[in-house]
Amino acid sequence: MDVHLRAEQVALELPLDMQNTPVGRKLGLRSSLSGSTRRYVSVLSGIDFAAADGDRIAVIGLNGAGKTTLLRVLNGAFQPTRGWVRRHGRTQSLLTPMLGFAEQASVAENVYLRGTAMGLRRAQLQSALGDILEFANLGDRASHRLHTLSAGQRTRLGFAISTAVQPDILLMDEWIATGDSAFLHRAQERMTDRFHGSRIVVMAGHSTELHRRLCNKALVLDAGRMRFFGAIEDGLACYRDLVSAADGRLRQQLAAQDPLLFGNASGFVEKVRICEGRIEIEGWAIGDRGREIEVLCVEVDGQRRFIEGFDRVEREDVLRALAKRSGRYGFRFAFADPAGRERESLQTMLVSAGMERERLGAPLQRLANALEDEAPVLA
Ligand SMILES: Nc1ncnc2c1ncn2[C@@H]1O[C@H](COP(=O)(O)OP(=O)(O)OP(=O)(O)O)[C@@H](O)[C@H]1O
């Protein structure tokens, strides 16, 4: 059977209901009773791609870029405002495995309710019921009402139902694996089976490592717009360019979540010295694939300063420990600080390095005792 998934010039606008708060009035009960205004916001636009049999597509973007919403459009939960989604093949989405449970119905009835909503026939559900309950470890609870289950038991049930049958097209948000450690292991195995058994997978998430390992294509979203669709490595590079332009705090957060995002660029700020009217900084940085960096960027109180004319310093220790080829990885520079920055604002200063201004890596780590108040007095 032919399996395909195609989106043609898809755009989605959603209603945003906003509370009317008279200017100058504090938020509170009175303002919450003052009615609301509805306006429509564009959440997705220009989404245009075709997934072929065998494609594993990573949907990549910053928080709020529209990844989950795109999956909802692809599974038919949202109708596009413009454009079309064409799908052929049994589709299963693993977005909210506990959605649609009925509290007063029994566990077994909930399996039928959810299974029917997923498009399964009664006979299929009858033969799958035993496996689902066993997988969720709820074999002896079939007739219990759902509201008597613990949160963990519900999660296991939702997961067991959502993954009960092998779809042709799998739409998933992150790599769902939740519950206690014994269940986690079985859930991982089940996810891996379903992933490899699907003919098309669209997977949203934030892990470069996972995307690189599992996906052949990427779709990059930037504030709801499709910036790129194509080969995974090009997609990851496109995403990296997007985040490289973001401010230092966000780059720091993203690098912590996803250590491979900025490649192998790394380094340390070892000294920050405040002398009268000047700030001197020393450290080392090594670019992606062992290259020497070309630019440094200092961010203090949200202000950026790019430094291209820094001194390059030979660093035998860095060479020995890290470098695959030779280079001068140490740096030293100073800049005038007429604002006479406070010690506190320098505590939060971020120094980033990169090959060009638009392609900065994550902020460099900083030695705990890097900050000095004055040049050391030489005896
Ligand atoms: N039902 C809705 N009504 C109005 N706006 C919505 C609705 N659902 C999502 N949005 C908005 O759409 C945008 C995209 O949200 P979405 O959850 O798809 O982003 P995301 O990329 O999945 O984010 P994250 O990585 O944080 O999960 C956000 O600005 C969000 O506030």
Side-chain angles (χ1 to χ4, degrees), residues 5 7 9-21 32 35-49 51 56-83 85 91-100 155 158 162 169-178 191 201-212 214-215 217-229 232 235-236 238-247 249-262 362:
L5 173 66
Q9 286 306 325
V10 164
L12 179 74
E13 286 173 8
L14 288 176
L16 194 66
D17 290 322
M18 310 230 299
Q19 203 67 47
N20 295 334
T21 310
S32 71
S36 63
T37 308
R38 170 166 289 191
R39 67 187 176 89
Y40 285 80
V41 286
S42 165
V43 180
L44 294 173
S45 61
I47 310 292
D48 197 286
F49 74 94
R56 272 89 182 89
I57 300 171
V59 179
I60 313 174
L62 291 172
N63 288 117
K67 302 180 292 295
T68 307
T69 310
L70 174 59
L71 296 180
R72 293 209 166 109
V73 169
L74 297 179
N75 79 0
F78 284 138
Q79 280 298 319
T81 316
R82 285 188 297 282
V85 171
T91 305
Q92 177 61 50
S93 49
L94 295 181
L95 303 181
T96 38
M98 286 178 295
L99 193 74
T155 309
S162 308
I169 302 174
L170 179 64
L171 307 171
M172 53 192 280
D173 213 353
E174 308 284 346
W175 188 257
I176 295 182
T178 163
M191 284 299 297
V201 180
V202 183
M203 178 169 108
H206 291 279
S207 164
T208 300
E209 189 274 329
L210 208 57
H211 288 153
R212 193 170 268 152
L214 297 174
C215 300
K217 290 190 180 154
L219 189 158
V220 182
L221 286 174
D222 177 15
R225 288 197 67 78
M226 188 174 104
R227 280 280 282 254
F228 175 88
F229 176 74
I232 183 73
L236 290 171
C238 168
Y239 179 57
R240 184 140 72 123
D241 285 354
L242 262 177
V243 288
S244 292
D247 71 82
R249 288 258 162 263
L250 183 58
R251 277 183 283 118
Q252 196 170 41
Q253 252 175 32
L254 291 167
Q257 270 174 25
D258 185 357
L260 295 186
L261 177 60
F262 294 101

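In each ligand, atom 1 is the first atom listed, and ligand 1 is the first ligand listed. Owing to the predicted nature of the structure, the values given are computational and were not obtained by experimental measurement.
- A heavy-atom separation below 4.0 Å is found between Gly66 and ligand 1.
- Looking only at heavy atoms of the protein, atom 10 (N) of ligand 1 is closest to Leu14 CD1, 4.3 Å.
- Side chain of Arg251 to backbone of Ala246: a donor-acceptor contact under 3.5 angstrom is found.
- Atom 29 (O) of ligand 1 has as its closest protein heavy atom Gly64 O, 4.1 Å.
- Proximity of Arg82 to Glu13: side-chain heavy atoms (C-beta onward) are separated by under 4.5 Å at one or more points.
- Not one N or O on the side chain of Asp173 forms a donor-acceptor pair closer than 3.5 Å with the backbone of Ala204.
- When only non-hydrogen protein atoms are considered, atom 26 (O) of ligand 1 lies nearest to Asn63 ND2, 3.0 Å.
- How far CG of Leu261 is from CG of Leu254: 6.0 Å, rounded to the nearest 0.5 Å.
- With ligand atoms numbered from 1 in the order given, ligand 1 contributes 21 (O) to contacts under 4.0 Å with heavy atoms of Leu62.
- Of the possible polar contacts, none joining the Ser93 side chain to the Leu171 backbone as a donor-acceptor pair under 3.5 Å is found.
- The protein atom (non-hydrogen) at minimum distance from atom 25 (O) of ligand 1 is Lys67 NZ, 2.7 Å.
- The distance from ligand 1 to the heavy atoms of Pro15 drops below 4.0 Å at these ligand atoms: 3 (N), 4 (C).
- Counting atoms of ligand 1 from 1 in the listed order, those under 4.0 Å from a heavy atom of His206 are 25 (O).
- Here the side chains of Phe229 and Arg227 are not in contact, with every heavy-atom distance at 4.5 Å or above.
- Contact annotation for atom 6 (C) of ligand 1: protein present (non-hydrogen atoms, distance under 4.0 Å).
- Where the criterion is an N or O separation shorter than 3.5 Å, residue side chain and backbone included, Ala65 meets it with respect to ligand 1.
- Among all protein heavy atoms, the one lying closest to atom 17 (O) of ligand 1 is Thr68 CB, 3.9 Å.
- Within a 4.0 Å radius of atom 23 (O) of ligand 1, the protein has at least one heavy atom.
- Heavy atoms of Thr69 found under 4.0 angstrom from ligand 1 belong to the backbone as well as the side chain.
- For atom 12 (O) of ligand 1, the closest non-hydrogen atom on the protein side is Val43 CG1, 3.2 Å.
- The shortest distance between side-chain heavy atoms of Val73 and Pro80 falls below 4.5 Å.
- In terms of modelled atom types and a separation under 3.5 Å, the side chain of Lys67 and the main chain of Leu62 share a donor-acceptor contact.
- For the pair Ile60/Leu219, no side-chain contact is recorded, criterion being any heavy-atom separation below 4.5 Å from C-beta on.
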